[in-house]
2 protein chains.
Amino acid sequence: MIGLMARSSGAELALLLLGGFHTMVDEVTVELAKRGHEGVRPVHEFALRAVDAGADTASELGRRLSVTKQAAAQTIATLEAFGYVNREPDPNDARRKRVRVTPRGHELMTIGGALFDKVRSRWAARIGPEQLETLETHLAQLTERRSFTAEDLQD
Amino acid sequence: MIGLMARSSGAELALLLLGGFHTMVDEVTVELAKRGHEGVRPVHEFALRAVDAGADTASELGRRLSVTKQAAAQTIATLEAFGYVNREPDPNDARRKRVRVTPRGHELMTIGGALFDKVRSRWAARIGPEQLETLETHLAQLTERRSFTAEDLQD
DNA sequence: AACAGATAGACAAGCAACTTGTCCAACCGT
DNA sequence: ACGGTTGGACAAGTTGCTTGTCTATCTGTT
């Protein structure tokens with residue numbers, strides 16, 4: 001059966017990883033919309049988190065997310081239009097625009113984080129907290145040289 | 001430190017999953033290009049596998065990948081242009097076009113599968129074969145009601 | 001046999017999130 | 001003062017999806 005010959009446990013693993021990701025983000029996205037944050041997509045959530053974690057220029061965000069600085073700038077523009085960040089000139093470097101997370105952006109991250117944590121808690125209840133931590137540890141080991149990309153966060 | 005307040009272990013888990021996925025597919029995509037399969041993106045590989053596993057119409061592929069039948073049809077058109085599938089009328093249902101994987105498509109899946117398996121083997125060597133199987137079992141449990149989507153396979 | 005509803009697919013247009021290309025201003029090291 | 005690098009703006013293009021609309025075909029019912 002030629003179909004079976006094409007089976008690949010490696011390809012199936014890739015799909016399991018992707019499925020896991022989308023199981024989480026789809027639920028969070030739907031729920032965020034219900035909580036007054038319509039139109040938020042995974043790339044917004046994760047870009048916002050990266051900004052808040054220190055990637056506060058378009059160039060830096062691009063590096064952090066492994067996309068071009070133009071793509072990062074576009075995401076920042078969208079976040080600004082939504083009211084989640086604002087931009088202001090860097091007093092020490094006139095080339096730069098500093099990106100700041102607004103209170104509304106913090107609200108988004110707080111609600112979003114709680115939603116992600118809720119999904120994670122259900123997963124911990126399902127397979128055991130220690131098993132989940134082991135899964136996370138393993139994934140961290142296996143991906144440790146990779147930065148995450150917004151391109152990967154495509155809806 | 002407000003940055004730390006926004007930390008979410010659930011959001012970090014989502015990124016670990018995505019990072020794992022892209023660690024695998026990026027390496028496979030690069031290597032496939034070296035082996036004469038340029039321009040192949042993850043959506044192509046996984047759509048081809050779904051066709052080969054039985055989703056041999058655009059409507060069926062759309063269901064299998066959780067995208068619209070139009071999106072599936074566009075992917076099939078791309079696969080056909082690349083020479084990985086061909087389409088022919090269904091003798092029993094004039095509405096339908098049956099999608100067949102070509103020998104070149106089988107070659108892509110064979111090479112791609114081996115590449116995915118190679119990455120998986122390295123991961124097994126890294127964390128232990130039984131640990132990897134446990135990780136896979138857990139992910140399968142946690143995502144079992146979800147079908148994987150080509151939208152998720154965005155490059 | 002006729003008909004209504006469902007399904008498959010084609011086509012067009014639009015959207016989101018990226019890319020490349022180009023350009024200019026500002027900074028830094030020599 | 002100058003050359004190289006960096007940050008960002010802008011435009012245009014690409015990819016992979018979406019929605020909307022339409023037609024042909026199939027199926028079940030009457």
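Both backbone and side-chain heavy atoms feed into the values below; hydrogens, waters and symmetry mates do not. A quick note: this is a predicted structure, and the numbers were derived from the prediction, not measured. Chain letters run A, B, ... following the sequence lines, proteins first, then strands; residues in each count from 1.
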> What string of B, S and - do you get for nucleotides 22-29 of chain D 5' to 3' if you count protein non-hydrogen atoms under 4.0 Å?
Replying inline: ---BS---
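- Nearest heavy-atom pair, A/Gly10 versus B/Met24, reported as atom, atom and distance to 0.1 Å: O-CE, 3.6 Å.
- One interatomic measurement links the two molecules: CD of B/Glu60 to C1' of C/dG9, which rounds to 14 Å at whole-angstrom precision.
- No more than 12 heavy atoms of other residues, nucleotides or ligands lie within 6.0 Å of CD in A/Glu130, so this atom counts as exposed by the packing criterion.
- Atoms CG and CD, from A/Leu115 and A/Glu31 in turn, are 5.5 Å apart once rounded to the nearest 0.5 Å.
- Distance A/Ile76 CD1 to D/dA9 C1': 13 Å, rounded to the nearest Å.
- Distances from the side chain of A/His44 to the nucleotides D/dT15, C/dC18, C/dA17 place C/dA17 closest.
- In this structure, CG of B/Leu61 is placed 13 Å from P of C/dA8, rounded to the nearest angstrom.
- Regarding contacts with the backbone of C/dC18, a side-chain N or O of A/Thr75 is found under 4.0 angstrom from either OP1 or OP2.
- Distances shown here put every side-chain N or O of A/Arg96 at or beyond 4.0 Å from the OP1 or OP2 atom of D/dG8.
- The nearest whole Å value for the distance from the CZ atom in B/Phe46 to the P atom in D/dC17 is 13 Å.
- Residue B/Thr68 has a polar side-chain atom (N or O) positioned under 4.0 Å from OP1 or OP2 of D/dT18.
- At the heavy-atom level, B/Thr57 lies under 4.0 Å from the strands shown only through sugar-phosphate atoms.
- With rounding to whole Å, B/Gln70 atom CD is found 17 Å from D/dT15 atom C1'.
- Atom CD of B/Glu38 is separated from atom P of D/dT15 by 14 Å (rounded to the nearest Å).
- Rounded to the nearest 0.5 Å, atoms CZ (B/Arg98) and CG (B/Asn86) are 13.5 Å apart.
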> Could you go step by step and tell me if B/Val25 and B/Phe116 meet the side-chain contact (heavy atoms from CB on, under 4.5 Å) rule?
Replying inline: CA-CA 8 Å; B/Val25 301; B/Phe116 275 116; 3.9 Å; yes
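- Across all strands, B/Ser59 comes closer than 4.0 Å only to sugar-phosphate atoms, never to a base (heavy-atom distances).
- One end of the helix from C/dA1-D/dT30 to C/dT30-D/dA1 points its axis 20° away from the other end's axis, with each axis taken from 5 pairs and the angle rounded to 10°.
- The phosphate of D/dG7 has OP1 or OP2 within less than 4.0 Å of a side-chain N or O from A/Arg63.
- Distance check: A/Leu17 CG to A/Leu139 CG gives 6.0 Å after rounding to the nearest 0.5 Å.
- Nucleotide D/dC17 holds its P atom 14 Å from the CG atom of A/Asp26, rounded to whole Å.
- Applying the ring-ring contact (aromatic ring centres under 6.0 Å, His included) criterion to A/Tyr84, with sequence neighbours excluded, gives A/His37, A/Phe82.
- Protein atom CD of B/Gln74 is 9 Å distant from nucleotide atom C1' of D/dT18, rounded to whole Å.
- Exactly one of B/Lys118, B/Arg120, B/Arg122 qualifies for a salt bridge (charged side-chain N to carboxylate O under 4.0 Å, His left out) with B/Glu27. That residue is B/Arg122.
- Counting all heavy atoms, side chain and backbone alike, B/Ile76 lies closest to B/Thr57 at CD1-C, 4.3 Å.
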> What do the steps show when you test B/Leu79 against B/Val99 for side-chain contact (heavy atoms from CB on, under 4.5 Å), and what is the final call?
Replying inline: CA-CA 10 Å; B/Leu79 289 174; B/Val99 186; over 6 Å; no
